[in-house]
Amino acid sequence: MTRTPIAQILSSEEVPDSVLVQGWVRTKRDSKAFSFIELNDGSCLSNLQIVADAVLPGYEDAVLHLTTGASVSVEGKIVPSRGKGQKWEMQATEVTLLGLAEEDFPLQKKGHSMEFLRSIAHLRPRSNLFGAVFRVRSRMAYAIHQFFQDRGFFWVHTPIITASDCEGAGEMFRVVTMDGDEIKLGDDEFFGKPSYLTVSGQLEGETFATALSNIYTFGPTFRAENSHTSRHASEFWMIEPEIAFCDLEGDMGLAEEMLKYLASDALENCSEDLNFFNRFVDKGLIERLEFVRDRDFQRISYTDAVELLKESGEKFEYPVEYGLNLQSEHERYLTETHFECPTTVFNYPKEIKPFYMRKNDDGKTVAAMDLLVPGIGEIVGGSQREERLDLLRENMAAHDLDEAEYSWYVDLRRYGTVPHAGFGLGFERLLMFVTGVTNIRDVIPFPRTPGSAEF
RNA sequence: UCCUCUGUAGCUCAGCGGUAGAGCGGGUGGCUGUUAACCACUAGGUCGUUGGUUCGAAUCCAACCGGAGGAGCCA
């Protein structure tokens, strides 16, 4: 008999008479004549309640000594439940123990801190919360591909090892080879020059956007910054669409449409897990996702945002002044206090943005945009790219970049240049937004942060 | 890199200068169509590490190690 996922059983109107389920025991309650086993196989949040009569062959060995965490294989009939709390339950005809869980199995039925669960990252997917997080993670990855593929975007696999620093994107990890304990550098360098783990696939993405028109990347990204915050990781996943024949307006539109699409997809396809988050993690989650799905986002230029912050009467720790970066507290005020909804800030001063962003006609600002969401801050950062050869060269010089290092990037402006734009969406930040989980370490299977690369 | 908090049983925590505690989890027994089941008994600890103060340190002090939060940087 082949295994039937518990999700399939619990969502059925009519079920096959006799099925096989396999999974891990969440809890067990014994009485004299039978035991209730709560079995979870990760296919959904809910457990299947199994009734195992004491007269079953092997009851003593296979059932009586079961503890939380043990793995079992159970054959039986699905019947309407006589108890409250579930529609179906299983009347077991055969219970086979696959593996006991030793008595110090760390996952209990209640009261674990996120910090503790992080320390047992190999077992935490078996908890309700993390099972739900990683089911939603899978679904969101699927929905992202669907969103782009439905709109004619091609998925491009940009390199993970790179020799070009996407300027300003952050500190990089160096890639080296070893001879014993000796790191090979200089002339012995494997790639003939210093190479790094990618901090962004954007520059390579642009080369494909100027060929296939609409592309996106979706893959791991690495930043060697020594950040200790709940929203930074050294290894994370990023989605970077790049669109030819597109300006900032279209770029902002796509980012907003995408966020709405993903909120809608999660509400539609992850309702059981979202309801769980809504109960135990963030009471306003579903309401917020519905808001994001149904209502328009706010847009405000950097210049207007600075004015708004100055006139808000709010006391900020850091100064608000044209030409300075908006601080976390300023972004939070805009999206959480003033607008109370996702907010796109656009047209930043050129001095605080990277070389590749397109200069606006005012000569002072560039066509950049950041999409801010309540509770998390920046979730998308993007821009229209500078497609004019002379202006790009000026920008590179102004940023002290060696044009020779970026000759292939400059070439895109020499051979059939086109207006184009794109953005980066942090996948984990999206998941924080969709699940209500407040620490990035808890939405990625095995988090890498400074000083921590266990598992 | 800077600032702040924190480390006691498998887990969550109490104790805050005078013989190491509870709940949950584990074991044993009982009871019940139960559902964070319930009741009784029981095992389980170099109080993060090292040093210091003290008649006496889980408790006070210092350093170190681990964890967390915030700032910056960004996604």
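FYI, side chains are in, hydrogens and waters are out, and symmetry mates aren't considered; it's all heavy atoms of this structure. Convention: sequence-line order gives letters A, B, ...; per-chain numbering from 1.
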Parallel, tilted or perpendicular: which fits the ring planes of A/Trp237 and A/Phe218, with parallel below 30° and perpendicular above 60°? perpendicular

Within the structure shown, what part of the strands sits under 4.0 Å from A/Thr68 by heavy-atom distance: base, sugar-phosphate, or nothing? nothing

If stacking means aromatic ring centre less than 5.5 angstrom from the base's six-membered ring centre, planes under 30°, is A/Phe427 stacked on B/A75? no

Pick out the pairs of N or O atoms, protein on one side and nucleotides 6-10 of chain B on the other, that lie under 3.5 Å.
{"residue": "B/G10", "atom": "N2", "partner": "A/Gln108", "partner atom": "OE1", "Å": "3.3"}
{"residue": "B/G10", "atom": "N2", "partner": "A/Gln108", "partner atom": "NE2", "Å": "2.0"}
{"residue": "B/G10", "atom": "N3", "partner": "A/Gln108", "partner atom": "NE2", "Å": "3.3"}

Short side-chain N/O contact to B/G25 OP1/OP2 from A/Thr67, under 4.0 Å: no

When the aromatic ring centroids of A/Tyr356 and A/Tyr409 are compared, is their separation below 6.0 Å? no

Distance between the P atoms of B/G52 and B/U59, in whole angstroms? 14 Å

Using the C1' atom in both, what is the distance from B/A22 to B/G15, to the nearest Å? 11 Å

Across the strands shown, which category fits A/Gly83 at heavy-atom distances under 4.0 angstrom: base, sugar-phosphate, nothing? base

What interatomic distance, in whole Å, is found between C1' of B/U6 and the corresponding atom of B/C47? 15 Å

Tabulate atom names and distances for all N/O pairs under 3.5 angstrom spanning the protein and nucleotides 66-72 of chain B.
{"residue": "B/A68", "atom": "OP1", "partner": "A/Arg118", "partner atom": "NH1", "Å": "3.2"}
{"residue": "B/G69", "atom": "OP1", "partner": "A/Asn439", "partner atom": "ND2", "Å": "2.3"}
{"residue": "B/G69", "atom": "OP2", "partner": "A/Arg441", "partner atom": "NH1", "Å": "3.0"}
{"residue": "B/G70", "atom": "OP2", "partner": "A/Ser230", "partner atom": "N", "Å": "3.3"}
{"residue": "B/G70", "atom": "OP2", "partner": "A/Ser230", "partner atom": "OG", "Å": "3.1"}
{"residue": "B/G70", "atom": "N7", "partner": "A/His228", "partner atom": "O", "Å": "3.2"}
{"residue": "B/A71", "atom": "OP1", "partner": "A/Arg332", "partner atom": "NH2", "Å": "2.8"}
{"residue": "B/A71", "atom": "OP2", "partner": "A/Arg231", "partner atom": "NH1", "Å": "3.4"}
{"residue": "B/A71", "atom": "O2'", "partner": "A/Tyr318", "partner atom": "OH", "Å": "2.9"}
{"residue": "B/G72", "atom": "OP1", "partner": "A/Gln327", "partner atom": "OE1", "Å": "2.1"}
{"residue": "B/G72", "atom": "OP2", "partner": "A/Ser328", "partner atom": "OG", "Å": "3.2"}

Please measure how far the P atom in B/A40 lies from the corresponding atom in B/C31, and state the result in whole Å. 16 Å

Look at all strands and tell whether A/Glu428 reaches a base, only sugar-phosphate, or nothing, counting heavy atoms closer than 4.0 Å. nothing

With side chain to side chain contact (heavy atoms under 4.5 Å, CB included) as the test, pick out the partner of A/Met90 among A/Val19, A/Leu39, A/Ile6. A/Val19

When the C1' atoms of B/A9 and B/G26 are compared, how many Å lie between them, rounded to an integer? 12 Å

Do A/Ile144 and A/Met258 come within less than 4.5 Å of each other through their side chains, counting heavy atoms only? yes

Is the terminal nitrogen or CZ of A/Lys353 (NZ for Lys, CZ for Arg) located under 6.0 angstrom from the six-membered ring centre of A/Tyr302 and within 45° of that ring's axis? no

Are the side chains of A/Asn347 and A/Leu248 in contact, using a 4.5 Å heavy-atom criterion? yes

Mind checking A/Glu102 for me? I need base, sugar-phosphate or nothing, with any heavy atom below 4.0 Å counting as a touch. nothing

Using a 4.0 Å heavy-atom cut-off across all strands, classify A/Glu89 as base, sugar-phosphate, or nothing. base

For the residue pair A/Phe153 and A/Phe148, does the interplanar ring angle fall in the parallel (under 30°), tilted (30 to 60°) or perpendicular (over 60°) class? tilted

If the plane angle is over 60° it's perpendicular, under 30° parallel, otherwise tilted; pick one for A/Phe36 and A/Phe34. perpendicular

Which part of the nucleic acid, if any, lies within reach of A/Ile379 when heavy atoms closer than 4.0 Å are counted: base, sugar-phosphate only, or nothing? sugar-phosphate

Between A/Arg299 and A/Glu249 (salt bridge meaning N to carboxylate O under 4.0 Å), is one present in this structure? yes

Kindly indicate whether the side chain of A/Arg429 and the base of B/C74 share any N or O donor-acceptor pair separated by less than 3.5 Å? yes

Is any side-chain nitrogen or oxygen of A/Arg29 closer than 4.0 Å to OP1 or OP2 of B/A37? yes

What's the gap between B/A58 and B/G7 when it is taken at their C1' atoms, as a whole Å value? 11 Å

Taking the side chain as every heavy atom from C-beta outward, state whether A/Lys260 and A/Phe297 have any atom pair closer than 4.5 Å. yes

Taking atom P in both B/C74 and B/G51, what distance in whole Å separates the two? 46 Å

Lys NZ or Arg CZ of A/Arg151 over A/Phe147 ring: under 6.0 Å, within 45°: yes

What distance, rounded to whole Å, do you find between the two P atoms, one in B/A43 and one in B/A57? 28 Å

Please list, pair by pair, any protein nitrogen or oxygen found under 3.5 Å from a nitrogen or oxygen in nucleotides 3-5 of chain B.
none

